[in-house]
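Please read the structure below before turning to the comments.
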Amino acid sequence: MSTTSIRMDDEVREETTRIAAELGLSFNAVINILARKFNAEKGFFFPVRLDTEEKTVFELDSEE
C-alpha cells in the first residue's frame with residue numbers, strides 16, 4: 001500500500017471525516033472507495049458538465 005498526499009480544503013476534509021465516521025468509515029476508506037469506483041467506471045460515475053441557464057434561440061418560447 002502506498003501513501004499519497006492530497007490538498008483539500010479543511011472544511012471539506014472535516015465534513016467528509018464526520019460523515020464517514022457516522023457511516024462507520026474512515027476518511028481513507030472514503031477516498032479508496034471513490035478511487036475504486038472511478039477506476040471501475042473508467043471515469044467519473046456521475047455527469048461532469050457545465051450547467052448553463054442560457055437558452056438558444058431554438059429553445060425560447062414565444063413570450064421570451
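The residues of the chain are indexed from 1 along the displayed sequence.
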If you look only at distance, which donor and acceptor atoms sit under 3.5 Å apart when one is on a side chain in residues 31-40 and the other is two or more places apart or in another chain?
unit_1	atom_1	unit_2	atom_2	d
Asn32	ND2	Asn28	O	3.0
Lys37	NZ	Glu41	OE2	3.2
Asn39	ND2	Ala35	O	3.4

Contacts of type side-chain contact (heavy atoms from CB on, under 4.5 Å), residue Asp9, not counting sequence neighbours: Glu11, Val12
For Glu22, all residues meeting salt bridge (charged side-chain N to carboxylate O under 4.0 Å, His left out), sequence neighbours excluded: Arg18
Closest non-hydrogen atom pair between Ser26 and Ala20, with its separation: O-CB, 3.9 Å
Whether over 12 other heavy atoms sit under 6.0 Å from Phe46 CZ: yes
